[in-house]
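Note sheet for the following structure.
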Amino acid sequence: MSNAEIGVIGLAVMGANLALNIAENGYKVAVFNRTYARTEEFMKSAGDLVDQLVPCKTLEEFVNAIRPPRPVIIMVKAGGPVDMQMEALKPLMSDNDIIIDAGNANFRDTLRREDEMKDTGLTFIGMGVSGGEEGARHGPSIMVGGKQSSYPRVQGVLEAISAKYKDTPCAAWLGENGAGHFVKTIHNGIEYADMQMIAEVYGIMRDRLKMEPKAISDVFAKWNEGPLESYLISITAEVLKAIDPKTDTPMINLILDAAGQKGTGRWSAIEALNMGVPATAIEAAVAARSLSAAKGERLHAEGVLGLPASTDVADPEKFIADLELALLAGKIAAYAQGFAVMSAASKEFDWGLPMPTIAKIWRAGCIIQSRFLDEISTAFSKDPDVANLVITPAFSKLLGECDGPLRHIVSESVLNGSPVPALASAVSYFDTYRRGQGTANLIQGQRDFFGAHGFKRLDEEGDHHGPWGS
Ligand code: NBP
């Protein structure tokens with residue numbers, strides 16, 4: 001019987017929690033998972049919401065359970081599984097039905113998928129969802145891409161299930177075709193940079209200041225009451241104070257220092273390079289995760305090369321105060337770069353990405369939610385076409401306040417061998433970006449010398465060559 005208002009395919013962590021969230025908001029939801037045992041487990045865990053859910057054994061049953069025009073959210077493993085699921089769905093669906101891919105798709109796959117759906121009579125939406133398990137269940141940040149005319153058909157349910165920032169839903173249509181998945185990718189790229197810088201600061205407190213996890217946790221908890229207030233800082237404090245019940249020692253000391261990655265950070269860096277926009281903090285974070293994974297090689301290198309000598313910090317209290325501001329400065333670089341990449345992509349793909357809206361829907365629900373994003377949304381609202389976040393009045397002033405501490409921490413870290421690849425990239429980014437007279441005149445001279453590429457002169461129009469070898 002066609003009485004469900006929406007369907008969800010894929011009942012792993014994200015799909016299951018999203019289906020429960022939709023059900024809790026009063027919608028009847030048809031659910032399907034490739035392996036039916038998972039659907040049965042899901043139904044057992046649904047509690048009071050079970051009457052709002054229609055479990056389906058086959059895709060035919062699933063499609064028939066939804067009232068046309070059917071919105072169907074696919075929340076399965078990104079990549080091939082999404083294509084397989086879409087191919088299986090297409091012949092069963094009718095004109096005007098909507099397929100929503102809500103996984104972490106590469107936006108280039110979304111462009112292709114929308115193109116493939118063009119003549120089917122169906123509508124395709126590529127939707128980024130952030131917030132992990134907790135967000136999916138109680139309110140994620142939702143970034144929608146696709147035909148603008150298709151958004152009103154799903155806007156009600158998406159706004160209902162999304163996170164709210166002071167009553168404003170963190171869900172929005174951001175642009176045509178791949179816009180939603182692109183913005184989600186850059187969200188994750190910024191998340192990589194944010195997490196890496198936090199880890200660098202943790203490393204300095206652990207190795208240079210010889211602080212115990214609980215003491216470091218206390219510092220992060222305190223920072224969470226200031227300008228760094230954010231979900232990532234708050235969970236960092238939680239992770240650092242957790243005790244392993246088996247050994248009664250800090251959990252953090254028992255976790256292998258090798259980070260995983262699923263691809264969105266790398267895609268952000270690749271797309272930034274493709275568009276010629278520097279995203280050095282994101283690149284540094286991706287590289288740091290790759291180096292972290294080479295644990296055996298690093299241990300061997302430490303045996304061969306040893307560690308640089310390190311001195312004691314004269315004034316630990318002042319040093320920790322500077323760490324807070326250095327982290328804030330690093331964050332400015334990461335967000336400025338992420339927004340600059342989105343701005344370039346917006347022009348290249350003709351999306352018209354609304355920067356203030358993006359900052360607004362990241363203020364709650366998602367992993368990078370923070371007080372900082374409210375300030376970014378205000379800065380972009382005042383000046384939506386600004387070339388770079390760092391030259392807005394609010395952020396140039398803020399950078400002025402934390403630029404010195406960033407330099408202090410990075411230079412001290414370099415002198416004492418503490419790895420700070422992302423924070424150091426931020427200093428270099430600011431210094432290169434703010435310098436009107438750079439050094440590329442020499443690069444142009446070299447290029448002309450070996451490849452006759454020519455150069456522009458400051459004092460004459462046209463292309464010129466140098467007097468090399470004369
Ligand atoms: P996973 O990414 O772990 O995928 C598991 C789901 O995909 C199961 O339902 C599985 O069905 C289904 N599946 C697979 Br695998 N191959 C399939 C195929 N060929 N046809 C149909 N279904 C198939 O699930 P997840 O962690 O819930 O993530 C879902 C999406 O959301 C991903 O794109 C992920 O990147 C994204 N995301 C995840 C998070 C997070 O915190 N986990 C956050 C934000 C976004 P089965 O039960 O039959 O194996």
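Counting starts at 1 for both ligands and their atoms, following the listed order.
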Just checking, any donor-acceptor pair under 3.5 angstrom between side chains of [X] and [Y]?
X: Asn188; Y: Thr185; result: no
X: Arg70; Y: Ser94; result: yes
X: Asn104; Y: Lys262; result: no

Angle class for the Phe182/Trp351 ring planes (parallel below 30°, perpendicular above 60°, tilted otherwise)? tilted
Could you label the plane-to-plane angle of the Phe107 and Phe349 rings as parallel, tilted or perpendicular, counting under 30° as parallel and over 60° as perpendicular? perpendicular
Which is closest to atom 9 (O) of ligand 1 by heavy-atom distance: Ile9, Asn33, Asn17, Leu59? Asn33
From the candidates Asp83, Val76, Asn104, the one that places a heavy atom nearest atom 13 (N) of ligand 1: Val76
Does Met342 offer a backbone N or O that forms a donor-acceptor pair with the side chain of Ser346 under 3.5 Å? no
Run the salt bridge (Lys or Arg N to Asp or Glu O under 4.0 Å) test on Lys214 and Asp218 for me, step by step, so that the C-alpha distance in whole Å, both residues' side-chain angles and the decisive distance to 0.1 Å come before the verdict. CA-CA 6 Å; Lys214 174 68 175 68; Asp218 291 344; 2.8 Å; yes
Flag Lys262 as yes when one of its N or O atoms lies below 3.5 Å from any N or O atom of ligand 1, and as no otherwise. no
Closest non-hydrogen protein atom to [atom], residue and atom name please, with distance?
atom: atom 38 (C) of ligand 1; value: Met14 CG, 3.3 Å
atom: atom 21 (C) of ligand 1; value: Gln85 OE1, 3.0 Å
atom: atom 14 (C) of ligand 1; value: Arg34 NH2, 3.6 Å
atom: atom 48 (O) of ligand 1; value: Thr35 OG1, 2.5 Å
atom: atom 4 (O) of ligand 1; value: Lys77 N, 3.3 Å

Against heavy atoms of [X], which atoms of ligand 1 measure under 4.0 Å?
X: Met84; answer: 19 (N)
X: Arg38; answer: 47 (O)
X: Val129; answer: 44 (C), 45 (C)
X: Gly10; answer: 9 (O)
X: Gly132; answer: 41 (O)
X: Leu11; answer: 9 (O)
X: Ala12; answer: 5 (C), 6 (C), 8 (C), 9 (O), 24 (O), 27 (O)
X: Gly103; answer: 30 (C), 31 (O), 33 (O)

Evaluate Phe372 against Phe395 for ring pair (Phe, Tyr, Trp, His ring centres under 6.0 Å), listing each step before the verdict. CA-CA 10 Å; Phe372 191 73; Phe395 280 85; 5.5 Å; yes
With sequence neighbours left out, write down each residue that passes ring pair (Phe, Tyr, Trp, His ring centres under 6.0 Å) with Tyr165, or none if nothing qualifies. none
Quick one: salt bridge (Lys or Arg N to Asp or Glu O under 4.0 Å) pairs with a partner in residues 116-126, sequence neighbours left out? Arg112-Glu116, Asp115-Lys118
So for Met75 against ligand 1, with non-hydrogen atoms under 4.0 Å, the contacting part is both
Pair Phe339 and Trp362, ring centroids less than 6.0 Å apart: yes
